[in-house]
Amino acid sequence: ARASALRMNLISSSLHIKQKCLNTISTQGNPLSAISGNGHSAGAAQHLSSIRTVTVGIGISPIQSLIIRESRTVTAGRESHPALRDIHFGWQMYGNFPNFATVMKEIRHIVISDPHDCCGCTACASACPRGCISMKDHQEGFLYPEVNTELCIECGLCVKVCPVQARYPARRPLAVYAVKHPDGQVREGSASGGAFPLLAAAVLKDGGLVFGSRFDSAMEAVHDCASAPEEVHPFIGSKYLQSRMEDCYGKVRKALKEGRKVLFTGTPCQVAGLNHYLGSIPDHLLTAELICHGAPSPGVWRQYLREEIQRLEDRGYRNVRIDNVRFRDKDGSGWKGYHFRIFFSAVDPDGKPCRPVLSEPGKAANLFIRGFLADLYSRPSCYRCPARELRSGSDLTIGDFWGIGDLRPDFDDDRGVSAVLVNTEKGRKIFNGLDCIRMEMSYEDVLRRNRCLEQSVAEPAGRAAFFASTDSIHDTIRRLI
């Protein structure tokens, strides 16, 4: 009865709120506040108007959540999963509610209600001192953090390192270059002009480590570490997937503590996650973000590959497996051709070993590429990317220099040209030491055909229909595009 009466008394009431700073957690450089209360007052909201507007409603559920939103409004109510883009504080209700201050236990760990608010970088899982955060598959095929609350000590580190919660300021590059690798064979094997192999070679020469994305045995993208040129080779080339980070952040920190030079490459959100995870950035870490259109679903890719294997099996092939994938093979189509290839090994209908190849040149030929470029199955956070405008904190940004042929046709031989944006003095020093063919350009030259540097892609109207479809990936993409 007392509990029921207290609930009724607090519904749509305001509380007299005290503010206490949590110095270990910050967002955009501002301290957050934990809220504690004792008693209630109809004039509390007006009394605290100089701090923030406060409105509190108590629901029926024994689990209450309090969220401090970026607009500095505090609300409480029945919410099963507080949104990550807000600051996450919750309270567990206990006992017979003797008073407001003693019946609540503060909860401080990362939880996701809106999938747009998690980029999947794994910084939270890597930072957890108890190892109680694991990355779990979502129904759309993306990984999201899941907290074992039995082990969680509510330290708040997972919130502190989140690149969605605490964003770096927007920047503009110090300098911009069009770049080509001097070795034509290396450039031919690269997606663009070979900027990544140049950086990797420079770091390996000094005994450093290189982190990048490769395909695993299932042709899914995974981040890994390389200490030799032959180990770096699988990192070269585009992989239009979100890679699994595994324990790479921890490996980077270990290598840095050992004094080794490190090159870390990844999407802007992955670089931002690493920088937040590390906290302080040592001089012997070089980060290079990729110009990123968006990260397609690994789950959609997985199903797409199964369907391609099934198509061969339906034609009588047996023991079909995929040996390699090239999202953009320059052979026969050049740099701008978007020649998609899957290399299989199998036994043909006559019982002979064979190596079939799915070869589809052009952006419109391959269905997976078409769906990717239409943003049908990008990660939800890509539509609200927290790392655009060079907010990742990267030293360099690398990618395709689309449109270079219009600006400098003498520099474009259709074998690939990289755009390199120098974002820090450290990046400038490393870049100036590279042996490459280069031409200084302007930021606007790159931005003209790479709007994704500053703008997130729009979430298409057909996205929900895509994931709700029970048809094959192939048929669904054909129907929606």
Side-chain angles (χ1 to χ4, degrees), residues 141 187-193 213 215 218-221 236-242 290-315 317 320-346 348 354-378 382 399-406 412-417 449-452 457-458 460 462-463 465-467 469 471-481:
R187 187 158 63 109
E188 192 70 20
S190 302
S192 51
S213 177
F215 286 120
M219 293 298 117
E220 297 186 20
I236 298 174
S238 295
K239 299 163 188 71
Y240 293 136
L241 301 165
Q242 181 164 40
L290 307 173
I291 298 177
C292 181
H293 177 85
S297 165
V300 172
W301 172 247
R302 199 176 300 130
Q303 180 59 30
Y304 168 81
L305 292 181
R306 282 197 290 261
E307 292 178 13
E308 290 293 356
I309 290 173
Q310 186 62 52
R311 290 172 71 182
L312 282 176
E313 291 175 345
D314 290 345
R315 292 163 51 191
Y317 288 83
V320 181
R321 75 168 186 266
I322 298 174
D323 294 329
N324 196 15
V325 174
R326 298 280 291 177
F327 277 98
R328 286 169 49 199
D329 196 327
K330 295 176 183 176
D331 187 19
S333 297
W335 169 40
K336 307 176 190 73
Y338 269 81
H339 196 156
F340 179 88
R341 285 181 169 174
I342 300 179
F343 299 86
F344 300 90
S345 59
D348 69 16
C354 62
R355 299 181 66 83
V357 177
L358 171 67
S359 182
E360 296 177 321
K363 294 181 181 180
N366 179 260
L367 285 170
F368 183 84
I369 294 293
R370 286 173 60 188
F372 159 58
L373 294 176
D375 310 309
L376 270 182
Y377 31 80
S378 294
C382 296
D400 293 282
F401 204 130
W402 298 125
I404 186 65
D406 299 331
D412 180 15
D413 57 3
D414 199 30
R415 307 321 296 172
V417 178
R449 296 284 293 274
N450 278 296
R451 300 305 303 178
C452 57
V457 296
R463 189 181 190 277
F466 174 85
F467 282 104
S469 175
D471 297 333
S472 69
I473 297 294
H474 290 73
D475 290 343
T476 301
I477 295 173
R478 287 193 190 98
R479 174 165 49 83
L480 294 176
I481 299 179

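Residues Arg326 and His339 form no side-chain contact, since every pair of their non-hydrogen atoms from C-beta on lies 4.5 Å or further apart. Using a 4.5 Å cut-off on side-chain heavy atoms (C-beta onward), Tyr317 and Ile309 make no contact. In this structure, the side chains of Tyr240 and Trp301 stay at 4.5 Å or more apart for every pair of heavy atoms. Side-chain contact check for Trp335 versus Asp413: every heavy-atom pair is 4.5 Å or farther apart. Contact check for Tyr377 versus Ile477: side-chain heavy atoms found under the 4.5 Å cut-off.
What you find for Ser333 and Pro361 is that their closest heavy atoms are OG-CB, 3.6 Å. Scanning both residues, Leu241 and Ser297, for their nearest heavy atoms gives CD2-O, 4.4 Å. Nearest heavy-atom pair, Gly141 versus Pro298, reported as atom, atom and distance to 0.1 Å: O-CD, 3.3 Å. The shortest non-hydrogen separation linking Ala221 to Ser213 is CB-OG, 3.7 Å. The two atoms that bring Leu480 and Gly462 nearest to each other are CD1-O, 3.7 Å, heavy atoms only. Contact detail for Ala374 and Ile481: the closest heavy-atom pair is CB-CD1, 3.7 Å.
Leu305 CG to Phe368 CZ: the interatomic distance, rounded to the nearest 0.5 Å, is 8.0 Å. In this structure, CD1 in Ile291 is found 4.5 Å from CG in Asn450, a value given to the nearest 0.5 Å. Rounding to the nearest 0.5 Å gives a distance of 8.5 Å between OG of Ser238 and CD1 of Ile369. In this structure, OG on Ser469 lies 8.0 Å from CG on Asp475, to the nearest 0.5 angstrom. Summarising the geometry, atom CZ belonging to Arg328 is positioned 4.0 Å from atom CG belonging to Asp400; distances are rounded to the nearest 0.5 Å.
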| said: Under the criterion side-chain contact (heavy atoms from CB on, under 4.5 Å), I'd like the reasoning laid out for Glu308 against Ile322: C-alpha separation, chi angles, the key distance, then a yes or no. | reply: CA-CA 10 Å; Glu308 290 293 356; Ile322 298 174; 5.7 Å; no
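Remark: the backbone N or O of Val325 is not paired with any side-chain donor or acceptor of Lys239 at under 3.5 angstrom. In terms of modelled atom types and a separation under 3.5 Å, the side chain of Arg187 and the main chain of Gly416 share a donor-acceptor contact. The main-chain N or O of Gly337 is never found under 3.5 Å from a side-chain atom of Lys330 such that the two would form a donor-acceptor pair.
Qualifying salt bridge (charged side-chain N to carboxylate O under 4.0 Å, His left out) partners for Asp323, counting only residues two or more places apart in sequence or in other chains: Arg321, Arg355. Under the side-chain contact (heavy atoms from CB on, under 4.5 Å) criterion, Glu360 pairs with Tyr304, Phe340, Leu358, Ala365, Asn366, sequence neighbours left out. Contacts of Glu307 classified as side-chain contact (heavy atoms from CB on, under 4.5 Å), with partners at least two apart in sequence or in another chain: Gln303, Ser472, Ile473, His474. Applying the salt bridge (charged side-chain N to carboxylate O under 4.0 Å, His left out) criterion to Arg315, with sequence neighbours excluded, gives no partner residue. Partners of Pro460 under the side-chain contact (heavy atoms from CB on, under 4.5 Å) rule, at least two apart in sequence or in another chain, are Asp375, Leu376, Tyr383, Arg463.
The salt bridge (charged side-chain N to carboxylate O under 4.0 Å, His left out) pairs that include a residue from residues 332-343 are Asp329-Arg341, Asp331-Arg341, Lys336-Asp412, Lys336-Asp414, where partners are two or more places apart or lie in different chains.
For Phe372 and His293, the gap between ring centers is short of 6.0 Å.
The pair Asp314-Arg311 fails the salt-bridge criterion, with no side-chain N (NZ, NE, NH1 or NH2) lying under 4.0 Å from an Asp/Glu carboxylate O.
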